[in-house]
Amino acid sequence: MDSDLCQNAGKCYRTILFMFPSSNHFPLAWHENQQIGEPVTMTVTLRSSLNMLEGGTGCCIWPSSLFLSEFLLSHPELFSNKCCFEVGSGVGLVGICLANVKASKVILTDGDLSSLSNMKFNLETNQVAIMGKLKQKDYQDPTSTTQVECRYLTWELASAEELQNCGAEVILGADVIYDPSSVPHLVRVLAALLGTKKGSLGSNDGTSVPEEFITCNENRSMFGSIELEKPDKNHKDNKDPNNAYPVAYIANAIRNIDTFNCFLRVASEAGLSVIDITEKQRSMNLLPYLSSFDRTSIQLYRISSLDSMRDM
């Protein structure tokens, strides 16, 4: 990333180059202009904060957002022609990538107004058209088939009915599991988007969470108290076009084990399945020049409703 382009009022512009080995691996809207087999580069310019404490966490480029962006650019079939909803969209990097893999609709959300304003600026800088804004006469948008919407959303006040009416097929988030006090609100948002039958946390509809999904076993747990669900080889993945249930992909660095264990417990109570797919669905290394980017510190989780797994 190049951060020397411009600095002003605590902000800087950073350029991220996603380097594809060839146009055969380039699933974006611009690939038609490339000759087959040629190396291809996708350039994203983002305005971000120089100081996280001054600009807010939503105005920073987090490693997990780079990881998640590599994942969706490596697996465009999971997102193209689908309605994608991101929680905690920050600078808008994931949204820009979603528009370029031709998601049918992209809903980007953040609970901080300054981050939301900065996100809209970054979308326009990268020629991603936002719903409700007219394009300039000479504005050529390679992602024009994608509807992109920016919403102000606080997890604490989010309406379950409003979330369910979004029609989200894929939910995404990067580094959204970090504060124990926000975990119940985050899980409630995810549960509403994923369509669990449990209307709210702590409710009981007579169903129980099967022990095979989350098992307390200190000797086997990689996090000390809770073992993640193991991927089922026979389980239908979101690659199946007949899978009508929404699914979430969350990239997160585990900075505090207790906080993550809290997330797992609350998620299980809300009827959610959490699977670590970091090794199962690996991504291309699209940022080979970025030596400071430590992928090994980040995990990728697929989250879905236990109701959908029972119905399969």
Spatial distance of atom [atom1] ([X]) from atom [atom2] ([Y]) [nearest 0.5 Å]:
X: Glu169; Y: Cys84; atom1: CD; atom2: SG; value: 7.5 Å
X: Glu70; Y: Ser65; atom1: CD; atom2: OG; value: 10.5 Å
X: Ile303; Y: Tyr249; atom1: CD1; atom2: OH; value: 11.0 Å
X: Arg47; Y: Ile61; atom1: CZ; atom2: CD1; value: 12.0 Å

Ignoring hydrogens, what is the shortest heavy-atom contact between [X] and [Y]? Give both atom names and the distance.
X: Asn285; Y: Pro288; answer: OD1-N, 3.4 Å
X: Ala267; Y: Val187; answer: CA-CG1, 3.9 Å
X: Cys150; Y: Leu123; answer: SG-CD1, 3.4 Å
X: Ala158; Y: Val189; answer: CB-CG2, 4.0 Å
X: Leu98; Y: Leu72; answer: N-CD1, 3.9 Å
X: Met119; Y: Gly90; answer: CB-O, 3.4 Å

Once the angle between the rings of Phe121 and Tyr13 is folded into 0 to 90°, is it parallel (under 30°), tilted (30 to 60°) or perpendicular (over 60°)? tilted
Would you call the rings of Phe67 and Phe293 parallel, tilted or perpendicular, where under 30° means parallel and over 60° means perpendicular? perpendicular
Heavy-atom side-chain proximity of [X] to [Y] below 4.5 angstrom:
X: Ile250; Y: Leu68; value: no
X: Ser69; Y: Phe18; value: yes
X: Leu78; Y: Val170; value: no
X: Tyr245; Y: Val247; value: no
X: Leu46; Y: Ile16; value: yes
X: Asn252; Y: Phe260; value: no

Are Phe263 and Tyr301 close enough that their ring centres sit under 6.0 Å apart? no
With sequence neighbours excluded, residues passing side-chain contact (heavy atoms from CB on, under 4.5 Å) with [X]:
X: Asn256; value: Asp258, Thr259
X: Glu162; value: Arg151, Ser159
X: Thr154; value: Tyr152, Glu156, Leu157

Determine, step by step, whether Ile298 and Arg295 satisfy the side-chain contact (heavy atoms from CB on, under 4.5 Å) criterion, reporting the C-alpha distance in whole Å, the side-chain angles of both residues, the deciding distance to 0.1 Å, and the verdict. CA-CA 6 Å; Ile298 303 167; Arg295 293 172 182 78; 5.7 Å; no
With no hydrogens and no angle check, is any side-chain donor or acceptor of Asp110 less than 3.5 Å from a backbone partner on Asp112?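 Yes; at least one donor-acceptor contact below 3.5 Å.
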I'd like to know if the side chain of Ser80 and the backbone of Val101 have a donor-acceptor N/O pair within less than 3.5 Å.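 No; zero donor-acceptor contacts below 3.5 Å.
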By side-chain hydrogen bond (donor to acceptor under 3.5 Å, both in side chains), which residues pair with [X], not counting sequence neighbours?
X: Asn81; value: none
X: Gln164; value: none
X: Glu161; value: none

Of Leu93, Val94, Thr109, Ile171, which is the lone residue that meets side chain to side chain contact (heavy atoms under 4.5 Å, CB included) with Glu86?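 The single option meeting the side chain to side chain contact (heavy atoms under 4.5 Å, CB included) with Glu86 is Val94.
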